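Each chain gets a letter, A, B and so on, in the order its sequence line appears, and its residues count up from 1. The model shown is predicted, which means the values in this text are computed figures rather than measured ones.
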Amino acid sequence: MHHLRMIREQAEALRDGMRRRGKLEVYGPVIDESETLDRTRRQTIQAVEEKKAQRNALTQVVGKKKKAGEDAAVEMAEARALGEAIAALEATLAPTEARLEELLLGVPNIPLPDVPEGDESANVVVRSWGTPREAEGIKPHWEVGASLGLLDLERGAKISGSGFVVYRGTGARMIRSFMNAMLDLHTSEFGYEECWVPVVVNRPSMVGTGQLPKFEDDMYALKDEELFLIPTAEVPVTNLYRDEILAAEELPKAFCAYSPCFRREAGSAGKDTRGVLRVHEFDKVELVRYCAPEDGEAQLQLLLSHAETVLQGLGLPYRVVLLAAGDTGFGSAKTYDLEVFAPGVGKWLEVSSCSLFTDFQARRANIRFRPAPGEKPRFVYTLNGSGLAFPRIFAAILEHYQQPDGSVTVPEALRPWVGADRLG
RNA sequence: GGACAGGUGGCCGAGUGGUUGAAGGCGCACGCCUGGAAAGCGUGUAUUGGUUAAUAGCCAAUCGCGGGUUCGAAUCCCGCCCUGUCCGCCA
């Protein structure tokens, strides 16, 4: 969410950000309306506060007179009249503020200056690692997975619905190995604090990280309570310090968490319907960082390098893509995607999205730090990225490590966990 | 799920209708004192909004959250949330 002062003092920067996202027609009118409402709001507040100050003064006179045993009927009547006027003004203020908040919560973050303008065709591959395998003769993961007994999509659909997956045998063991291998790497090598968090969260948490109110249709909600299944561990982990003020020396903070993730994928019907590339429930290890504003860019590069290390450890060829403004997510100011090449489906698969949110989430979630004792609190910068998403890594391994006899070799790094060097 | 008890500033803890943003203590910061430190003394120590060049002043709001009563609510009433204890239930 943007600060009201942003609307007031930097409306042009906001408009330019929306233009670079290619969304000026959508958000231009929203910004216009916000500017008008902001003016109305301030006028009303001034009027209300002036009357409140008058009433407070009268109230004190009443108190003194009563204590002295004098009559205060005149002052009481006057104060009552002021109270009615205040109530009337506040009745107009409430809808103004509600509408303003609704509007502000729906405006995306401003992309950083070095983010390319335009839609996804303007995305930039900034570097690559490893050599993608020739696609010739390689079967897609769902075929290998089924024939080796690692993946049971039919029964997943039967017990839950399409888009729900059952991993079996060494397939299940491989998923478990991802959790252990990734959490161990991030905690012991990179200093992340491991967290195990609820996968059901309340509405303020979902608003804090930006999933709500805008993307409610994409979220699974519990039927009789205001609770939601998380689409990523980013939600509970980033909200850990919601409504808190941290000391400067606590920054940067770094957390990693395994969690299942639930996504309705409304509007994605027909895309990636085969295999495990787009499912309603999947698992991943998420990395979340908080830092001081001046460290944002460096922290993003650091986060990205941590996610890359996982892929290098697995020996999977990948590329790093800087997303263009129009392809950058709602709350993000700058995002790098990590894409792994899966030769069986012949596609680059997004396995991690590393984003710097600047103070966008911190404002919504009210996460601050005090730069020095006695100084005013400031909003932290938040970052997050997958490290990494399991199903697509599973798919990439089944395809990249596929052998001519139909078996799959297990990446070196996972063997201690999987307990085998070959699947099938 | 049921019955009690409770939610006040960084912490502890007063405060049951009136000038209380909130006594007192602790902690913290700065100053004095000291060879240095401790003790002691003094000063200061919340957040948000409005106004403003200002994180200077001034005004407003905030004692779990929301509503109500009242000229006036931390204090009274209603609803909700959370915590603790006991009972029930359960992996």
Side-chain angles (χ1 to χ4, degrees), chain A residues 1-10 34-105 196-208 222-228 236 239-251 260 292-294 359 362-380:
Chain A
M1 179 164 72
H2 300 285
H3 196 88
L4 267 176
R5 287 204 196 97
M6 173 65 91
I7 295 288
R8 207 175 300 153
E9 294 162 10
Q10 294 180 67
S34 300
E35 286 183 296
T36 308
L37 287 171
D38 176 49
R39 277 190 291 273
T40 309
R41 171 178 175 273
R42 281 186 290 157
Q43 284 166 5
T44 312
I45 283 176
Q46 282 174 45
V48 166
E49 291 189 350
E50 190 189 325
K51 290 197 188 323
K52 281 187 175 174
Q54 289 171 16
R55 184 179 62 180
N56 287 347
L58 275 174
T59 284
Q60 294 196 4
V61 173
V62 172
K64 277 184 188 139
K65 283 200 168 186
K66 288 212 160 189
K67 208 170 246 177
E70 296 171 34
D71 177 67
V74 176
E75 287 82 0
M76 280 167 65
E78 202 178 328
R80 173 178 267 279
L82 278 169
E84 281 163 8
I86 290 165
L89 282 168
E90 283 185 333
T92 71
L93 188 59
T96 302
E97 293 197 317
R99 174 65 179 156
L100 202 46
E101 183 176 343
E102 180 191 349
L103 290 175
L104 289 176
L105 283 173
W196 194 283
V197 290
V199 300
V200 175
V201 299
N202 56 26
R203 180 174 288 271
S205 294
M206 293 290 266
V207 171
L222 267 54
K223 194 163 174 290
D224 297 316
E225 293 173 87
E226 269 281 86
L227 293 171
F228 302 85
N239 276 284
L240 238 32
Y241 287 85
R242 171 151 54 82
D243 293 321
E244 294 192 36
I245 301 174
L246 299 160
E249 41 305 348
E250 291 181 77
L251 299 177
E294 54 274 20
D359 61 3
R363 283 184 193 287
R364 292 176 160 245
N366 193 27
I367 306 165
R368 294 175 291 173
F369 75 104
R370 201 179 296 280
E375 279 188 43
K376 290 201 67 161
R378 299 181 63 192
F379 290 106
V380 301

If you find the nucleotide of RNA chain B closest to Glu75(A) and the one closest to Pro377(A), which residue's nucleotide is nearer the 5' end? Pro377(A)
Taking only residues two or more places apart in sequence or in another chain, which ones pass side chain to side chain contact (heavy atoms under 4.5 Å, CB included) with Ser205(A)? Val201(A), Asn202(A), Val235(A), Asn239(A), Arg242(A)
On RNA chain B, nearest-nucleotide positions of Ala79(A) versus Ile245(A): which is more 5'? Ile245(A)
Using side chain to side chain contact (heavy atoms under 4.5 Å, CB included) as the criterion, list what pairs up with Glu250(A), not counting sequence neighbours. Leu246(A), Ala247(A), Lys253(A)
For Phe379(A), check ring-ring contact (aromatic ring centres under 6.0 Å, His included) against everything at least two apart and list the hits. none
For chain A, the stretch of RNA chain B it reaches, first to last nucleotide, under 4.0 Å of its heavy atoms: G18(B) to G72(B)
G57(B) and U34(B), which share atom name P, separated by this distance in whole Å: 33 Å
Expected output check: what is the dot-bracket annotation of RNA chain B, where ( ) and [ ] are pairs inside the strand (brackets for crossing ones), | is paired with another strand, and pairs are Watson-Crick or G-U under 3.5 Å? ((((((((.[[[..)..(.....]]]((((((.......))))))((((((.....)))))).[[[[[..)....]]]]])))))))....
Identify, with sequence neighbours excluded, every residue that meets salt bridge (charged side-chain N to carboxylate O under 4.0 Å, His left out) alongside Arg368(A). none
So if I take residues 36-67 of chain A and measure heavy-atom distances to RNA chain B, which residues fall below 4.0 Å? Arg41(A), Arg42(A), Ile45(A), Gln46(A), Glu49(A), Lys52(A), Ala53(A), Arg55(A), Asn56(A), Thr59(A), Gln60(A), Val62(A), Gly63(A), Lys64(A), Lys66(A)
Can you name the residues that form a side chain to side chain contact (heavy atoms under 4.5 Å, CB included) with Glu244(A), not counting sequence neighbours? Tyr241(A)
If I pick the P atom on A22(B) and the same atom on G10(B), what distance separates them, to the nearest angstrom? 15 Å
Under 4.0 Å between any heavy atoms, over every strand shown, what does Arg8(A) touch: base, sugar-phosphate, or nothing? Just pick one. sugar-phosphate
Looking at Arg364(A) and Leu105(A), would you say the former's side chain and the latter's main chain have a donor-acceptor pair under 3.5 Å? yes
Taking only the P atom of each, what is the distance from U45(B) to U52(B) in whole angstrom? 26 Å
Selection residues 69-92 of chain A - residue pairs positive for side chain to side chain donor-acceptor pair (under 3.5 Å), sequence neighbours left out: Lys52(A)-Glu90(A), Lys65(A)-Glu75(A)
My understanding is that only residues two or more places apart in sequence, or in another chain, count here; which of them pass side chain to side chain contact (heavy atoms under 4.5 Å, CB included) with Glu375(A)? Pro371(A), Ala372(A)
Below 4.0 angstrom, which residues in residues 85-93 of chain A have at least one non-hydrogen atom near RNA chain B? none
Output all residues satisfying salt bridge (charged side-chain N to carboxylate O under 4.0 Å, His left out) with Arg203(A), sequence neighbours left out; order by chain, then residue number. Glu216(A), Glu226(A)
